[in-house]
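Worksheet: the structure to be examined is printed underneath.
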Amino acid sequence: MIKRKVIILGSTGSIGTTCLNAIRNGSLYGEVTGLVARSSKDSLSELAKEFNCPYFINDNSNKLKEFLSSLDGDIVLNGIAGAPGLEASLIALNCGFDLALANKESIVMGGDFILNEAKRLNRKIIPVDSEHSAIYNLIKAHNKIHSVVITASGGPFYQKKNLDNVTVEEAINHPTWKMGKKISIDSATLANKGLEVIEAGFLFNLSPKDIEVTIHRQSVIHSMIRLDNGAVYAQLSPPDMTLPIVGAVNDEVNPLYNVVKPLSFEDLTLTFKKWDEEEFPLLALAYKALEQKGSYPIAFNAANEVAVGLFIDHKIKFTSIANITKEVLMHDFSTTCNSFEEIMYQDQRARAIALKGF
Ligand SMILES: NC(=O)C1=CN([C@@H]2O[C@H](COP(=O)(O)OP(=O)(O)OC[C@H]3O[C@@H](n4cnc5c(N)ncnc54)[C@H](OP(=O)(O)O)[C@@H]3O)[C@@H](O)[C@H]2O)C=CC1
Ligand SMILES: CC(=O)[C@@H](O)[C@H](O)COP(=O)(O)O
Ligand SMILES: [Mn+2]
C-alpha cells in the first residue's frame, strides 16, 4: 500500500472534514501534508497539530502560491466553497499538483480555460462532485457514451407551493445530504443541479441535449450513462461523500475496501420524476447558459452566488434568488474568456448587475 500525500483546501468545511475523517478511520490510506482554510483559524491550527503538517489561512493568493509550492504532495483536494475556488485550483495546477475537485465553481467559471490549463501542465482533474464522480467512473468502465442522466434530490421544498416566506434554516435542511450552507440552498432551488449540468457539459464535453436531469428523491443513484446500444449504467451507493472523495484522492493507487456501507436492496425504493421548469427556473436558466457558453456560465454562477448571499442575510426572499439570476442573464455575456483575469472581469460585472437590480 502506498500512502497518498494530500493537501486539503477548505479543510474546515464539509468536504474537508469528510476527507480528514476518512484518513482518521483508515478508509483512505493517506497523510495530510498541508491544510488551508479562510477564517476558522483556531480549528485549522488544531487540525494542523493533529495531522502534524503546515497550515495556511488564505488571505492572499501570492502567499497561497508560496505555501503550496513549499509542500510535498501527490494531490490537492479543493473543497473551497464558491468562486474563490477557481483561483486556488489554478494555483494548485500551476504548482504541479493533480486536483481532486469538489469545488464545482472551478469548472463552471473556468470552463475550457481551466481544462486546457490542466492539459498544458500535464495534470489530472478528478471530479469529486458525487454525480460527476459517478459519470467519470462509469465512462472509465464503458469508454464511449451516448449521453448522461444526472440525478437530483429535489431538495427540501420539492412540490411545495408558495415558497415566498421559507427561512434560511428550512432551505438548508437537505433531505438526504449534510453539506455547507451555500450548496444546500442551491439544492433547494436546483441551482446546484444547474451548476452540475454546466460542470458536466465542460468536464465530459457534452451539449445540453445530452444531459438529462431526473428527480430521484433517495439520492442513491448518483448518476447514469446511456450507451449507443440503448443500455443504461448507474452508480449506486449511500448518500455519503466519503466514496467520491476517497476515490478521487486515491486515484486508483491502492485497492479500496469498506469505504461505504453496501446497499441492502430489500430496504430500497428508487423513484424518478420529471423536473418542472416553472417549479425550478434556475435549472432552466443554467441549461440556457450552457447552450450560450461565452461568459453566461460565469454570470449564472456569480448572480446566483450574490442572490444566495442576500437570502442568507435576510435581504431578499427565497423566490427572489431566481428572479435576480434571470435578470442578470438578460445582459450580454457572449464574450469568451481566455484568461483568469477575463473570467474575473465577467464575474465582477455579473455581481455588480445583480446587486444593482436588488
Ligand atoms: N458538501 C458536499 O457534500 C459537497 C460539496 N461540493 C462542493 O464543494 C465545495 C465545498 O462545499 P462545502 O464543503 O459544502 O462547503 P463548506 O461551506 O462546508 O466549507 C467551505 C470551506 O472552504 C473554506 N474557504 C472558503 N473560502 C475560502 C478561501 N477563499 N480560501 C480558502 N478556503 C476557503 C472554508 O474555510 P473557513 O471555515 O475558514 O471559512 C471551509 O473550510 C463547494 O464548491 C460545493 O459546491 C460538491 C459536492 C458535495
Ligand atoms: C453530494 C453532492 O454531490 C451534492 O451536489 C448533491 O448533488 C446535492 O444534492 P441535490 O442537488 O441533488 O439535492
Ligand atoms: Mn453534486
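Both counts, for ligands and for their atoms, begin at 1 and track the order of listing. Since this is a predicted model, take the numbers as computed values, not measurements.
Salt bridge Glu291/Lys209: absent, no basic N to carboxylate O contact under 4.0 Å. A salt bridge links Glu46 to Lys49: at least one charged side-chain nitrogen sits closer than 4.0 Å to a carboxylate oxygen.
Nearest protein heavy-atom contact of atom 7 (C) of ligand 1 is Ala102 O, 3.2 Å. The nearest protein atom to atom 34 (C) of ligand 1, hydrogens excluded, is given as Thr12 OG1, 4.0 Å; this is a heavy-atom distance. Summary of contacts: the protein heavy atom closest to atom 11 (O) of ligand 2 is Asn192 ND2, 2.8 Å. At the shortest separation from atom 10 (C) of ligand 1 among protein heavy atoms lies Gly79 O, 3.2 Å. Summary of contacts: the protein heavy atom closest to atom 47 (C) of ligand 1 is Asp129 OD1, 3.3 Å. Looking at atom 14 (O) of ligand 1, its nearest protein heavy atom turns out to be Gly180 N, 2.9 Å. Nearest protein heavy-atom neighbour of atom 33 (C) of ligand 1: Arg38 CB, 3.5 Å. Shortest contact from atom 45 (O) of ligand 1 to any protein heavy atom: Lys104 CE, 3.2 Å. Atom 5 (O) of ligand 2 has Glu196 OE2, 2.8 Å as its closest protein atom, hydrogens excluded (heavy atom only). Given atom 2 (C) of ligand 2, the protein heavy atom at minimum distance is Ser130 OG, 3.3 Å. Among all non-hydrogen protein atoms, the one lying nearest atom 10 (P) of ligand 2 is Ser187 OG, 3.5 Å.
Per-residue contacts place Asn58 under 4.0 angstrom from the following atoms of ligand 1 (heavy atoms of the residue considered): 28 (C), 29 (N), 30 (N), 31 (C). Distances below 4.0 Å separate heavy atoms of Pro84 from the following atoms of ligand 1: 29 (N). Contact atoms of ligand 1 toward Ser40: 36 (P), 37 (O), 38 (O) (distance under 4.0 Å to a heavy atom of the residue). Counting the atoms of ligand 2 from 1 in the order shown, those under 4.0 Å from a heavy atom of Glu131 are 3 (O), 6 (C), 7 (O). For ligand 2 and Ala152, the ligand atoms under 4.0 Å from any heavy atom of the residue are 12 (O). Atoms of ligand 1 found under 4.0 Å from any heavy atom of Glu105, numbered from 1 in the order shown, are 43 (O). For ligand 2, the atoms lying closer than 4.0 Å to a non-hydrogen atom of Met241 are 1 (C). Shown in contact with Gly10 at under 4.0 Å from a heavy atom are these atoms of ligand 1, numbered in order with element: 21 (C), 22 (O), 23 (C), 41 (O). Residue His174 approaches ligand 2 through these ligand atoms, each under 4.0 Å from one of its heavy atoms: 9 (O), 10 (P), 13 (O). Within ligand 2, counting atoms from 1 as listed, the ones closer than 4.0 Å to a heavy atom of Met179 are 4 (C), 8 (C). Every atom of ligand 2 with a heavy atom of Asp129 under 4.0 Å away is listed here by number and element: 2 (C), 3 (O), 5 (O). When each atom of ligand 2 is checked for a heavy atom of Lys193 under 4.0 Å away, the hits are 7 (O), 10 (P), 11 (O), 12 (O).
In terms of hydrophobic clustering, with Ile, Leu, Val, Met, Phe, Trp and Tyr side chains grouped at heavy-atom distances under 4.5 Å, Ile324 and Val166 are assigned to a common cluster. No path of Ile, Leu, Val, Met, Phe, Trp and Tyr side chains, each step under 4.5 Å between heavy atoms, connects Leu270 with Tyr233, placing them in separate hydrophobic clusters.
For the residues Asn78, Ile15, Ile183, Ile80, the heavy atom positioned nearest atom 42 (C) of ligand 1 is part of Ile80. The residue from Ala37, Gly82, Ser14, Ser11 that puts a heavy atom closest to atom 18 (O) of ligand 1 is Ser14. Comparing Ser153, Pro175, Ala102 by heavy-atom distance to atom 12 (O) of ligand 2, the nearest is Ser153.
Across Thr242 and Ala22, no two heavy atoms sit closer than the pair CG2-CB, 4.1 Å. Closest non-hydrogen pair, Ile15 versus Gly79, comes out as CG2-CA, 3.9 Å.
Note: Phe157 and Phe318 have perpendicular aromatic rings, judged against thresholds of 30 and 60 degrees for the angle between ring planes. Aromatic ring pairs are classed by plane angle as parallel below 30°, tilted from 30° to 60° and perpendicular above 60°; the pair Phe280 and Tyr158 is parallel.
Within 6.0 Å of atom CG in Asp313, more than 12 heavy atoms from other residues, nucleotides or ligands are found, so the atom counts as buried in its surroundings. No more than 12 heavy-atom neighbours from other residues, nucleotides or ligands sit within 6.0 angstrom of CG on Asn205. Surrounding NZ of Lys274 are at most 12 heavy atoms belonging to other residues, nucleotides or ligands under 6.0 Å away. More than 12 heavy atoms of other shown residues, nucleotides or ligands fall within 6.0 angstrom of atom NZ in Lys293.
Residue contacts with ligand 2, taken as heavy atom pairs separated by less than 4.0 Å, involve Ile183 solely via side-chain atoms from C-beta onward. Contacts with ligand 2 closer than 4.0 Å are made by no heavy atom of His222, backbone or side chain. Contacts with ligand 1 closer than 4.0 Å are made by side-chain heavy atoms of Met241 only, the backbone lying farther away. Contact annotation for Lys104 and ligand 2: only side-chain heavy atoms (C-beta onward) come within less than 4.0 Å of the ligand.
Looking at Asp129 and the Mn ion (ligand 3) together, the shortest N, O or S contact belongs to OD1. Residue Glu196 approaches the Mn ion (ligand 3) most closely through its N/O/S atom OE2. Restricting Glu131 to its N/O/S atoms, the shortest distance to the Mn ion (ligand 3) is reached by OE1.
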- [ ] Might you work through the side chain to side chain donor-acceptor pair (under 3.5 Å) test for Thr151 and His222, ending with a clear yes or no?
- [x] CA-CA 6 Å; Thr151 49; His222 299 298; 5.5 Å; no
Open item on the list: Determine whether Glu117 and Arg120 satisfy the following criterion, salt bridge (charged side-chain N to carboxylate O under 4.0 Å, His left out), listing intermediate values before the conclusion.
Closed with: CA-CA 5 Å; Glu117 276 292 280; Arg120 180 179 72 79; 2.9 Å; yes
Open item on the list: Working note: Gln235 + Ser237, criterion side chain to side chain donor-acceptor pair (under 3.5 Å); need CA distance, chi angles, decisive distance, verdict.
Closed with: CA-CA 7 Å; Gln235 190 260 315; Ser237 51; 3.0 Å; yes
Task: salt bridge (charged side-chain N to carboxylate O under 4.0 Å, His left out) evaluation trace for Arg351 with Asp347 - done: CA-CA 6 Å; Arg351 283 169 198 270; Asp347 171 85; 2.9 Å; yes
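Side-chain N/O atoms of Glu196 and His132 include no donor and acceptor closer than 3.5 Å. In this model, no donor atom of one side chain and acceptor atom of the other lie less than 3.5 Å apart for Asp72 and Thr33.
Considering backbone and side-chain atoms alike, Gly13 places an N or O below 3.5 Å from some N or O of ligand 1.
Of the residues Ser153, Ser219, Ser187, the one that meets the side-chain hydrogen bond (donor to acceptor under 3.5 Å, both in side chains) test with Thr176 is Ser219.
The distance between the ring centers of Phe67 and Tyr55 does not fall below 6.0 angstrom.
Residue contacts with ligand 1 include Ser39, since one of its heavy atoms falls under 4.0 Å from the ligand. Heavy atoms of Gly16 stay at 4.0 angstrom or farther from ligand 1.
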